[in-house]
Amino acid sequence: MRQVIFQNFRLMFTEEIDSTNQWMQSRIKAGESISNLVLCADYQTSGKGLGENHWHSEKGKNLLFSLGLDAGFIAASAQFLITQIIALAVVDELSVLTQEKDFRIKWPNDIFYQEKKLGGVLISNTIRNGQLDESVIGVGLNVNQANFPEWIPRPVSLRQIVDKEFDLQEILKGILKCFSHWVDQAKSMEGIGIINNEYHQNLFRTGEWHLYEINGEIAELRIKGIGEFGMLVMETREGKTIHCDFKTIRFLF
Ligand code: BTN
């Protein structure tokens, strides 16, 4: 595999792999350190999305990578922090690249442009003595793909938004730079306050009334913010506050 050193990251590039996240996990199983290791692929034969989902991406068109983080400084109960900092890093880089302000983080792990999905994040953590150990952070970002198959719900790519082609490696480096900044912030209480605030500022649909499916029923709700353990805090029209996890709530469009 081709290797490049960038700042404190070791970047590896491959043409094809089953899944970059899976590859990272097999490195952990083999007892290797994945800290600051990045694997970027042109194509995944078995790209994973959240739950049972498959992550589709046309060969060579989009950014597909996994990043290893030594997350020992984060308590297991605070693992949502990793979702927050990678999402902020992606949104920061997107705003720099396009001077667009319309990129949003759709809770918990999607990157949205207006009402469409530009990317997603898939994280798996190992835990030791109540602290996180190694974290595998997978990112899929639609960059240069012009068309998407019909079965993908509301996809969009950067090329569709700004009508130009982007250099994938440059975007990767930009995201990693922003990520390092947010990792530093995550190491202090003051920095965590800034992360929570920025995440909230960038959260899709915050403060707006929309329809959601909650425990199988449709309701009009408003996002108030993020609660303990990264739960989504919502308000009902009757003024009641509810805490939702990923399995209980579905965004409707
Ligand atoms: C989601 O939106 O459901 C998460 C998608 C995450 C996709 C990325 S692509 C690189 C990395 N390797 C994988 O198999 N999945 C993640």
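As the structure is a computational prediction, the values presented were derived from the model and not from experiment. We count ligands from 1, going down the list as the structure has it; atoms in each ligand are counted the same way. Numbers here are sequence positions counted from 1.
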Quiz prompt | Check: Asn202 side chain, Ile105 main-chain N or O, donor-acceptor pair, under 3.5 Å | solution = no
Would you mind listing which atoms of ligand 1 come within a distance below 4.0 Å of any non-hydrogen atom of [X]?
X: Phe65; value: 10 (C), 11 (C)
X: Val121; value: 4 (C)
X: Lys48; value: 5 (C), 6 (C), 7 (C), 13 (C), 14 (O), 15 (N), 16 (C)
X: Asp110; value: 2 (O)
X: Thr20; value: 10 (C), 11 (C), 12 (N)
X: Gly47; value: 14 (O)

Out of curiosity, is Asn53 lining ligand 1, as in a heavy atom under 4.0 Å away?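 The answer is no: ligand 1 sits nowhere under 4.0 Å from a heavy atom of Asn53.
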Are any of the N/O atoms on Ser19, whether in the backbone or the side chain, positioned under 3.5 angstrom from an N/O atom of ligand 1?
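Between Ser19 and ligand 1 (N or O atoms, distance only) the closest approach is under 3.5 Å.
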| Should Leu50 be counted as touching ligand 1, given the test is an N or O pair under 3.5 Å? |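 Looking only at distances, the answer is yes, because the N/O contact criterion of under 3.5 Å is met.
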Decide if the gap between the ring center of Phe251 and the ring center of Tyr212 is smaller than 6.0 angstrom.
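Yes, ring centres under 6.0 Å apart.
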Once you measure the plane-to-plane angle for Phe148 and His56, does it fall in the parallel (<30°), tilted (30-60°) or perpendicular (>60°) bin? perpendicular
Assign the ring pair Phe80 / Tyr199 to parallel, tilted or perpendicular, where the plane angle (0 to 90°) is split at 30° and 60°. perpendicular
Is ligand 1 under 4.0 Å from a heavy atom in the side chain of Lys117, in the backbone, in both, or in neither?
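For Lys117, only side-chain atoms sit under 4.0 Å from ligand 1.
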Review point. Between Asn21 and Ser66, does any side-chain donor sit less than 3.5 Å from a side-chain acceptor?
Key: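 The criterion, which ignores hydrogens and geometry beyond distance, is satisfied for Ser66 and Asn21.
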Flag this pair as yes if the NZ/CZ of Lys117 is under 6.0 angstrom from the six-membered ring centre of Phe112 and inside a 45 degree cone about the axis; otherwise no.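 Lys117 over Phe112 ring: no.
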